[in-house]
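Report on one structure; see the data block that follows.
Whatever order the structure lists ligands and atoms in, that order sets their numbers, starting from 1.
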Amino acid sequence: MARAAPEPSPARRLLREMVRLVALPLPAQERLDRLVATIARHLVAEVCSLYVLRAGDVLELFATEGLSREAVHVTRLAVGEGLVGTIAAEGIVIATSDAQSDPRFVYRPETHEERYSSFLGVPVVRSGRVVGVLTVQNEKPRTYGEDEIEALTVVASVVAEMLASGDILDPSRYADAAGRPLQPRRLEGVRLVGGIAVGRAWTYAPRIDPARLLAEDPAAERERLDRALAELRASLERAFARHQLGGEGREIVEVYRAFTEDAGWRRRIEEAIATGLAAEAAVRRVRDETRLRLGHASDPYLRERLVELDELAERLLFHLSGRDPVAEAAALPEDSVIVARNLSAAQLLQFDRRRVRAIVLEEGSPTSHAAILARALGIPVVGLCRGAMLEIEEGDVVAVDAERGQVFVRPGEALLEAFRRAEENRLQRARALEALRPLPAVSRDGVRVRVEINAGFLVDVEDLAASGADGCGLFRTELLFMESDAWPDRERQAAFYRAVLERAGDLPVTFRTVDIGSDKPVAWLHPPPEANPALGWRGVRLALDRPRILRTQLAALLEAGAGRRLRVMFPMVAHVEEYRRAAALLDEELKRRRAAGLGLPAALERGVMFEVPALFWQLDRLLPLVDFVSVGSNDLLQFLFAFDRSSPVLAQRYDVLAPPALRCLRDLAERCAAAGVRLSVCGEMASQPLEAMALVGVGVRCLSVAPTELLPVKAMIRSLDVGSLAGFLERALAWPVCSLREALAGYAADHGVVLPPPVRPVAAA
Ligand code: PEP
Ligand code: MG
């Protein structure tokens, strides 16, 4: 039965009227004027004034009911000056029945405020920053009650939302009236995908529609809050179980869990709901208070606690807002820098890649699929950038120097100029490398290395021949699967694969069969929860258990490959038997086509990805069965060193240039060469010129790289003496070190091997 809505309180009536006002098509100033008049009327005050923080830490009277109209946009107070300036400086509420005898009071004659004795002022807070001050004044001396203070505070939080939405301020004016600290900030992170870019921040955070700030029925809002908290707790439990967190990770989840049960935190949200805010607006308000306290807290323990509360509120908002992330991603403006706590490959796929200039993550790791995807798309990424969500405001200009893992927020003109110069240098270097495009990757001592590209989209293989690549060594078909809401049927898949092959022309394309599971989820398959999804039901394991998925894909590949050269490889093979079973499905599909008199590929090659170390000790049985082996170094390394490749904590701990990893690859190269099986490396290490150099040094003769790295890798090979490097590595692989990175960089410098210098904005040093 529908609950009868209770009679709205006066504060709620005011809020409702404010929202109605915002919806009216009025000029910005008139809207503000009517807003303050409405607040004054409802709070039975003679005066209501709104001051907004402008550039240079100045509070400007933007609208008033009761003070002299001439004072609007004329009266200005520095932060810290007068009662209004004190509220802004300290983020406090001031209520007094005798304002003029307060020592902090300053008089501005143009306002004619001498006749008002009582004063109540509250900060207008957004994202933890004071962006303005809202005041009411009365002629008669009076004491403002708790209820009135609370009502004005709630109204101020709604005003903050409205200011931010650009609804009541002219957006061109809002940009400098938003009260952002205008000093540039520099945030430190680590390079996940190199490059530099400048754009405007777009925060991947829940958005609240100003029209939905208020709710008629507090009881219903409390229920929504309860549900969202329960969902949040359940998702924390799942994360807890899934990651089997130990040590610090476990502590963090425990802390969050405790916070969701924190009575004080919850009470503050409920109080805000009781004043008439919708649950999400209430959570946001409490979060903003937390952020405000954070700005003033120096005790590290308190700060940490406040940061955790802030993160929790953010997560809770996602659960409450229930917004459609796909629709939000579709509205991404041009030249955006996406700022997020973390981003999955699936989330990244929702964006129009042409609009994303760079990505800044509070978490992230270099071989996570989102980072790989960003690399493939040529998008610079800075990860492990603590405080990014707190420090960067929506719409801020952000200059990202992913080479150094630095992010400049609201940079000054000199810095922007340095970025422009660096971009120009990058373009110049890229133009210089262009000459290499038609040339083969042959080393100085005549060793030919095939350099192919990794792809996942049609555009990646557009004009493949003209790109200078020798082929496509890894086509990640799962991206098609991840982009679809439903499982793509055979016709759709075949059309897509055919389009890929057509664009690739005569060059070979290696299709990897669907590699879903783990951090590559698809909307139409719900795997059971697993403690370690990276070691779980993924790749060929999943495909063999759901043979219809694999069969359909193989049928589509054969159909698209009729009359052409086709390469098929299977991911995450741990046992020769798994390969045999997958290859048997391919044979069956071939047989079916043959029997039906349908066209067959002119040449069909089959292979496996070498990602699971156990395969190494089955090479004697495996190599006679395959045409090629392709090393997935991202997964191989995580299994060799037993570290989660998506873990931000371990992101920099294990190096692909460690002797054990390189020895494994050297031995594999020897075995493949002896068996006459082609070996390539398609993991991310092949895309880094220094790592690619090491791979060639241990005997790898085919690399499949991110398209953006094709020419830098070619340049490296053409300047390399492979024989000399192999001799050096033979010795170095025996050294008792954790990484040969420095030694290899030294070798390159001493032997004139061309490694592209990172693109760096000079003034940023
Ligand atoms: C790899 O593991 O190196 C690889 C290429 O596969 P993916 O990164 O898609 O898991
Ligand atoms: Mg892999």
Side-chain angles (χ1 to χ4, degrees), residues 192-193 344-346 348-349 364-377 381 452-457 460 472-483 509-522 532-543 567-574 578-579 582 607-616 628-647 651 654-657 661-662 664-665 668 679-688 691-692 694-695 700 702-707 709:
L192 296 190
V193 179
S344 69
L348 182 50
L349 279 173
S365 84
T367 54
S368 65
H369 281 107
I372 291 173
L373 197 56
R375 191 167 300 122
L377 302 175
V381 185
E452 304 187 332
I453 58 149
N454 293 346
F457 302 97
D460 296 333
C472 169
L474 166 64
F475 197 98
R476 289 183 160 102
T477 61
E478 59 275 3
L479 296 181
L480 172 68
F481 288 72
M482 287 166 71
E483 274 183 327
V509 177
T510 312
F511 288 96
R512 172 170 77 181
T513 60
V514 65
D515 187 24
I516 50 181
S518 188
D519 68 340
K520 288 185 275 192
V522 289
N532 293 301
L535 302 177
W537 198 49
R538 53 177 291 207
V540 84
R541 306 167 177 187
L542 186 151
R567 291 177 177 173
V568 177
M569 73 175 169
F570 300 99
M572 275 300 287
V573 171
E578 288 168 341
Y579 171 71
V608 285
M609 289 195 72
F610 185 82
E611 294 171 293
V612 182
L615 220 44
F616 187 84
F628 63 91
V629 170
S630 186
V631 177
S633 55
N634 309 329
D635 275 312
L636 179 65
L637 202 77
Q638 82 165 337
F639 300 137
L640 271 183
F641 284 102
F643 82 101
D644 180 348
R645 70 192 251 192
S646 64
S647 161
Y654 301 101
D655 195 347
V656 276
L657 296 180
L662 290 176
C664 169
L665 293 170
L668 179 66
L679 174 72
S680 77
V681 175
C682 64
E684 291 309 294
M685 74 182 290
S687 295
Q688 318 285 339
E691 281 83 336
L695 288 171
V700 177
C702 178
L703 304 169
S704 191
V705 306
E709 302 308 318

Q.
Minimum distance, heavy atoms only, to atom 9 (O) of ligand 1: which one of Met572, Glu611, Arg512, Met685 is it?
A. Arg512
Q. Under 3.5 Å between some N or O of ligand 1 and some N or O of Ser633?
A. yes
(Q) Polar contacts were defined as any N/O atom of the residue lying under 3.5 Å from an N/O atom of the ligand; does this apply to Arg645 and ligand 1? (A) yes
Q. Hey, what do you get for CG (Leu480) to CZ (Phe475), rounding to the nearest 0.5 Å?
A. 8.0 Å
Q.
Could you measure the distance from the CZ atom of Phe639 to the CG atom of Leu535? Nearest 0.5 Å is fine.
A. 5.5 Å
Q. At their closest point, which heavy atom of Val681 faces which heavy atom of Val700, and how far apart are they?
A. CG2-CG1, 3.8 Å
Q: Taking all non-hydrogen atoms of both residues into account, name the closest pair between Cys682 and Met609 and its distance.
A: SG-CE, 3.6 Å
Checking [X] side chain against [Y] main chain: does a donor-acceptor pair fall under 3.5 Å?
{"X": "Ser687", "Y": "Glu709", "value": "no"}
{"X": "Ser680", "Y": "Leu703", "value": "no"}
{"X": "Glu478", "Y": "Ile516", "value": "no"}
{"X": "Thr477", "Y": "Arg512", "value": "yes"}
{"X": "Gln638", "Y": "Arg645", "value": "yes"}

Q: Would you please name every residue forming a side chain to side chain donor-acceptor pair (under 3.5 Å) with Glu578, sequence neighbours left out?
A: none
Q.
Tell me the protein heavy atom at minimum distance from atom 5 (C) of ligand 1, and give that distance in Å.
A. Arg476 NH2, 3.5 Å
Q) Among all protein non-hydrogen atoms, which one is nearest to atom 7 (P) of ligand 1, and what is the separation to 0.1 Å? A) His369 NE2, 3.3 Å
Q | Atom indices of ligand 1 within 4.0 angstrom of Asp635 heavy atoms, with elements | A | 1 (C), 2 (O), 3 (O), 10 (O)
So which bit of [X] gets within less than 4.0 Å of ligand 1, heavy atoms only: side chain, backbone, both or neither?
{"X": "Ile372", "answer": "side chain"}
{"X": "Leu474", "answer": "side chain"}
{"X": "Glu684", "answer": "neither"}

Q) Using a distance threshold of 2.8 Å, what protein N/O/S atoms lie below it relative to the Mg ion (ligand 2)? A) Glu611 OE2, Asp635 OD2
